[in-house]
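Each remark here refers to the structure printed beneath this line.
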Amino acid sequence: MDRKLYNLNFAVIRFFLIIVISLFCLASCSSIAKKPAEIFNDPKALTILSSIKKKNNSFETFKGIGKITFINKNSFQTARVAWICSGNKKLRIEILGTGGRPVISAACNGKQIYFFSHLKQHLYKKKISDKLINKFTEIPLEFTDIIPLLTGRIPVRKHSFPLLHEKKELKEDILILKTTSGKLVEKIFLDKKNGNVHKIKIFNSKGKLAYKAEFEKIENNSLAKQIKITGDDAEVNLIINRFWTDIDLSPSLFILEAPKI
């Protein structure tokens, strides 16, 4: 065989092998890239997150009494408030006036949300939506955040994997929740001394801060007694004076009806 022809054939074969190997490597890298949860498998972060979720599921029903304050650019309103929750979807809130009588009642049975004005004797009923919650609070909350926050617990947004950010010089550790695409959805701040969550930051679909919630006066290293929720345009401050857990609640409590005349 002509030496020049031999060298040419060898060069073609080598080039072909390089292409095949390169394609194989790219395919392998691509399959790995599709599973960032496996790449960022942080056992310590998973353990901490599991502990937080267990606290969220430690009881089925809740009853609380306290004070709520709404602050926005134009107003400052404070009222006594009472509420009950069942599971993650059923909720009833009573805004109380003078003498402890309800002024406004709100309820949700998981599908419909009801508002009843005791002064106007008017019932408002609509299919539940996050936009309705946002309009009422002026903070971009999701309905699934409401019950955990009202019970002093930690809402955990949907995510793909958690990462733990630790620094010796800081007094807190930060649990970071992300999606498969690497988008940031939530940050959970934990006190290094006792492991309690004292603050969370929730991010919107664009990765920008939607709101933050701060938890104070934690009782028995479990439930918060004060929760401050802050958005761009408003702030809600809830003080829980008393609470009861695992109480009997009738499903009828989460449906409001107009009074019969």
Side-chain angles (χ1 to χ4, degrees), residues 45 48-59 61-73 75-85 88 91 93-96 106 133-134 136-157 162 164-167 169-177 184-203 209-246:
I48 293 172
L49 185 60
S50 176
S51 177
I52 292 171
K53 288 181 176 180
K54 283 180 182 178
K55 286 183 180 180
N56 274 9
N57 296 319
S58 60
F59 50 83
T61 58
F62 184 96
K63 177 182 178 181
I65 295 175
K67 184 175 76 171
I68 192 165
T69 303
F70 292 94
I71 305 171
N72 60 23
K73 295 177 181 178
S75 66
F76 179 98
Q77 297 176 319
T78 297
R80 296 287 298 168
V81 62
W83 65 98
I84 55 174
C85 309
N88 295 318
L91 169 68
I93 302 174
E94 301 285 350
I95 304 296
L96 308 175
I133 302 297
N134 299 168
F136 180 72
T137 63
E138 297 184 36
I139 297 174
L141 292 160
E142 291 185 2
F143 180 74
T144 50
D145 298 339
I146 298 294
I147 291 180
L149 289 171
L150 278 174
T151 53
R153 297 176 290 174
I154 310 303
V156 177
R157 286 288 178 91
L164 185 62
H165 179 71
E166 297 178 283
K167 281 193 175 181
E169 62 270 21
L170 297 178
K171 294 182 179 180
E172 62 188 9
D173 294 329
I174 306 173
L175 196 62
I176 301 169
L177 308 185
L184 177 64
V185 294
E186 183 173 356
K187 286 185 178 181
I188 302 174
F189 299 78
L190 303 104
D191 191 307
K192 279 189 176 181
K193 289 183 179 180
N194 52 33
N196 288 329
V197 176
H198 68 88
K199 179 172 65 177
I200 62 170
K201 289 185 177 181
I202 300 292
F203 298 84
L209 182 65
Y211 74 86
K212 68 177 181 179
E214 299 170 87
F215 305 86
E216 299 178 10
K217 299 180 181 179
I218 297 175
E219 183 173 286
N220 298 326
N221 295 330
S222 180
L223 296 174
K225 294 296 292 293
Q226 184 172 352
I227 303 104
K228 183 169 73 173
I229 308 165
T230 308
D232 288 339
D233 302 316
E235 178 184 307
V236 177
N237 189 26
L238 175 67
I239 296 174
I240 304 175
N241 296 134
R242 297 183 66 189
F243 64 86
W244 299 262
T245 62
D246 295 320

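Index from 1, following the sequence.
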Next item on the list: Identify the two heavy atoms, one from Asn88 and one from Phe143, that lie closest to each other, and give their separation to 0.1 Å.
Entry: O-CE2, 4.3 Å

Item checked: Partners passing side-chain hydrogen bond (donor to acceptor under 3.5 Å, both in side chains) against Ser50 (at least two apart in sequence or in another chain) -> none

Check: How long is the gap from CD on Glu216 to CD on Gln226, to the nearest 0.5 Å?
Finding: 4.5 Å

Margin query: Tell me whether the rings of His198 and Phe189 are parallel (<30°), tilted (30 to 60°) or perpendicular (>60°).
Written below: tilted

Notebook entry, point to check: When rounded to the nearest 0.5 angstrom, what distance separates CD in Glu186 from CD1 in Ile176?
Noted result: 11.5 Å

Next item on the list: Might you point out which heavy atoms bring Ala210 and Pro140 nearest each other, and give the distance in Å?
Entry: O-CG, 3.3 Å

Next item on the list: Ignoring hydrogens and angles, tell me if any N or O in the side chain of Asp173 forms a donor-acceptor pair with the backbone of Asp191 under 3.5 Å.
Entry: no

Next item on the list: Could you check Ile229 against Thr137 for side-chain contact (heavy atoms from CB on, under 4.5 Å), going step by step and ending with a plain yes or no?
Entry: CA-CA 10 Å; Ile229 308 165; Thr137 63; over 6 Å; no

Notebook entry, point to check: How far apart are the C-alpha atoms of Leu190 and Ile52, what are their side-chain angles, what is the distance that settles it, and do they pass the side-chain contact (heavy atoms from CB on, under 4.5 Å) test?
Noted result: CA-CA 10 Å; Leu190 303 104; Ile52 292 171; 4.3 Å; yes

Notebook entry, point to check: Do Pro155 and Thr144 touch side chain to side chain, with heavy atoms closer than 4.5 Å?
Noted result: no

Item checked: Closest contact, heavy atoms only, Phe70 versus Ile68 -> CZ-CD1, 3.8 Å

Item checked: All pairs passing salt bridge (Lys or Arg N to Asp or Glu O under 4.0 Å) where residues 229-244 contributes a residue, at least two apart -> Lys73-Asp233

Item checked: side-chain contact (heavy atoms from CB on, under 4.5 Å) evaluation trace for Arg157 with Leu177 -> CA-CA 8 Å; Arg157 286 288 178 91; Leu177 308 185; 5.5 Å; no

Note to self: Looking at every non-hydrogen atom in both residues, tell me the closest pair between Tyr211 and Ile139 and how far apart they are.
What the structure shows: CB-CG2, 3.7 Å

Check: For the residue pair Ala45 and Pro162, what are the closest heavy atoms and their distance?
Finding: CB-O, 3.8 Å

Notebook entry, point to check: Would you say Val236 and Leu149 make side-chain contact, with heavy atoms under 4.5 Å?
Noted result: no

Check: With a 4.5 Å limit on heavy-atom distance, are the side chains of Phe215 and Ile154 in contact?
Finding: yes

Next item on the list: State the CD1-NZ distance between Ile240 and Lys67, to the nearest 0.5 angstrom.
Entry: 13.5 Å

Check: Can Glu172 and Lys199 be counted as an ion pair, charged N to O under 4.0 angstrom?
Finding: no

Next item on the list: Could you walk me through whether Leu141 and Ile146 pass the side-chain contact (heavy atoms from CB on, under 4.5 Å) test, one step at a time?
Entry: CA-CA 7 Å; Leu141 292 160; Ile146 298 294; 3.8 Å; yes

Checklist line | pair Ile147-Arg153: side-chain heavy atoms closer than 4.5 Å | finding: yes

Check: What is the distance from atom CG of Asp145 to atom CG of Leu150, rounded to the nearest 0.5 Å?
Finding: 11.0 Å

Note to self: So for atom NZ, which belongs to Lys63, do other residues, nucleotides or ligands contribute more than 12 heavy atoms lying within a distance under 6.0 Å?
What the structure shows: no

Margin query: Nearest 0.5 Å, please: how far is CD in Gln77 from OG1 in Thr69?
Written below: 10.0 Å

Next item on the list: Kindly give the heavy-atom pair with the smallest separation between Asn72 and Ser75, and that separation in Å.
Entry: OD1-N, 2.7 Å

Note to self: Within the 4.5 Å heavy-atom criterion, are Val81 and Leu238 side-chain neighbours or not?
What the structure shows: yes

Check: Given side chains that start at C-beta, do those of Leu91 and Phe62 come closer than 4.5 Å, heavy atoms only?
Finding: no

